[in-house]
Amino acid sequence: MGHKVVVFDISVIRSLWETRVKKHKAWQKKEAERLEKSALEKIKEEWDFVAECRRKGVPQAQYCKNGFVDTGTRLLDKIERNSVARQSARVKDRGKRSDPFVFELSGTQWTELPDSLKEQTHLKEWHIHSTLIQVIPTYIELFQAMRILDLPKNQITCLPAEIGRLKNLRELNVSFNHLKNVPPELGDCENLERLDCSGNLDLAELPFELSNLKQVTFVDISANKFSSVPICVLRMCRLQWLDISSNNLSDLPQDIDRFISLMDNPIDKTQSQDSDEILESEQDRQHFDKEFMKAYIEDLKEREAVPSYTTKVSFSLQL
């Protein structure tokens, strides 16, 4: 009995397998589309996203909108960037507060400065506000590196004469306290550039010794009881801005070489006509003030040196 030889056509077998592969791929594609549209898959995606947010400490309000979870691919990245930015800001603020050369104090629980302060003579800035402190101690003279004394909204009734020992002091702000006078020794602070004594209500004069302040460019003595512009202010050769509004001015000096804010003073308007035309409207006054300041600043730039004396010039009356 002879053997039978079975012959297969390879092309038929290959065609069969290719058909099966195509059918399988078509099924996979259809299944993927079904899963993509499936509510269960969407819920799973949301839960995975919520879990990721909770793991990273993101508040629910950040990823829920109108009761629905926003799983946008960019949302988590955005939240993370904002979180990093906030953390950086907090670190920066902590760094600022922990500046070893700056002392800060506020709050009505403080009625006097802490005893430990006298040992920190390396400090360059004091920022003390909204306290019940009435006295600045005489040991302030030990702070020879002091640049800024920022003391607004306290209960300070006087400044110690020792403040004149602060040769490096650039700014002094004692606004909204209860000062009735300023020590003449302040005139020894030869590098002082800004002086703010506004809002003390009962301050009526400045000592003549303050005319030694040759670096001062800004003085604010508004909301006090000055009846005239202090002579010492007129002798400050670098002064560019003086605010003496809300006082009791009844007359004006004949010689002046800077811009003055004179709002809310009982100056006789007939007097002011001798030095400046009374403008008819608020808009005209504001325009005049701007033009005056432009001209004044340009004049300062053109000068080779600031004169040590004053010159009679026209100035703006903000009445």
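Scope of the values below: all heavy atoms of this structure, side chains included, with no hydrogens, waters or symmetry mates.
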Atom pair [atom1] ([X]) and [atom2] ([Y]), whose distance is rounded to the nearest 0.5 Å:
X	Y	atom1	atom2	result
Met146	His122	CE	NE2	10.5 Å
Asp196	Ser222	CG	OG	7.0 Å
Ile133	Thr157	CD1	OG1	12.0 Å
Glu119	Tyr139	CD	OH	9.5 Å
Cys158	Ile163	SG	CD1	10.5 Å
Leu166	Ile148	CG	CD1	13.0 Å

Is there a path from [X] to [Y] through hydrophobic residues (I, L, V, M, F, W, Y) whose side chains come within less than 4.5 Å of each other?
X	Y	answer
Phe176	Phe218	no
Ile136	Leu186	yes
Ile128	Phe143	yes
Leu117	Ile156	yes
Leu151	Val135	no

How close do [X] and [Y] get, heavy atom to heavy atom, and via which atoms?
X	Y	answer
Ser106	Thr131	CA-CG2, 3.8 Å
Ser175	Asn173	OG-OD1, 2.8 Å
Cys189	Leu169	SG-CD2, 4.4 Å
Glu141	Gln144	O-NE2, 2.7 Å
Ile244	Pro230	CD1-CD, 4.1 Å

Measure from the side-chain N and O atoms of [X] to the backbone N and O of [Y], and report whether any donor-acceptor pair falls under 3.5 Å.
X	Y	value
Asp243	Ser198	no
Asp150	Trp126	no
Asn247	Lys225	yes
Arg170	Asn168	yes
Asn212	Leu210	no
Asn177	Leu179	no

Next on the checklist: By the definition side chain to side chain contact (heavy atoms under 4.5 Å, CB included), identify the one residue from Pro184, Cys232, Pro183 that meets it with Glu209.
Outcome noted: Pro184
Checklist entry - Does atom NZ of Lys180 have more than 12 heavy-atom neighbours from other groups under 6.0 Å away? => result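 Result for NZ/Lys180: open.
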Checklist entry - Does Glu185 CD have over 12 foreign heavy atoms under 6.0 Å away? => result yes
Checklist entry - Between Trp27 and His24, what is the ring plane arrangement, given parallel below 30°, perpendicular above 60°, and tilted in between? => result parallel
Checklist entry - Does any non-hydrogen side-chain atom of Leu113 lie less than 4.5 Å from one of Pro137? => result yes
Item to check | pair Thr217-Trp241: side-chain heavy atoms closer than 4.5 Å | outcome: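 No, their side chains stay 4.5 Å or more apart.
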Checklist entry - Which residues satisfy the salt bridge (charged side-chain N to carboxylate O under 4.0 Å, His left out) test with Glu112, sequence neighbours excluded? => result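 Counting only residues at least two positions away or on another chain, Glu112 forms no salt bridge (charged side-chain N to carboxylate O under 4.0 Å, His left out).
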Checklist entry - Hey, mind stepping through Ile221 and Asn200 against side chain to side chain contact (heavy atoms under 4.5 Å, CB included) and telling me if it holds? => result CA-CA 9 Å; Ile221 50 176; Asn200 281 279; over 6 Å; no
Checklist entry - Would Phe101 and Arg147 satisfy side chain to side chain contact (heavy atoms under 4.5 Å, CB included), going step by step from the backbone distance to the final call? => result CA-CA 10 Å; Phe101 298 102; Arg147 300 289 193 277; over 6 Å; no
Item to check | Gln215 vs Leu192, side chain to side chain contact (heavy atoms under 4.5 Å, CB included): CA-CA, chis, key distance, verdict | outcome: CA-CA 6 Å; Gln215 303 301 320; Leu192 192 67; over 6 Å; no
Checklist entry - Yes or no on salt bridge (Lys or Arg N to Asp or Glu O under 4.0 Å) for Arg165 and Asp188, after CA distance, side-chain angles and deciding distance? => result CA-CA 7 Å; Arg165 307 281 178 85; Asp188 295 331; over 6 Å; no
Checklist entry - Does the side chain of Gln155 come under 3.5 Å of the side chain of His178 through a donor N or O and an acceptor N or O? => result yes
Checklist entry - Step by step, would you call Val219 with Leu213 a side chain to side chain contact (heavy atoms under 4.5 Å, CB included)? => result CA-CA 11 Å; Val219 173; Leu213 300 175; over 6 Å; no
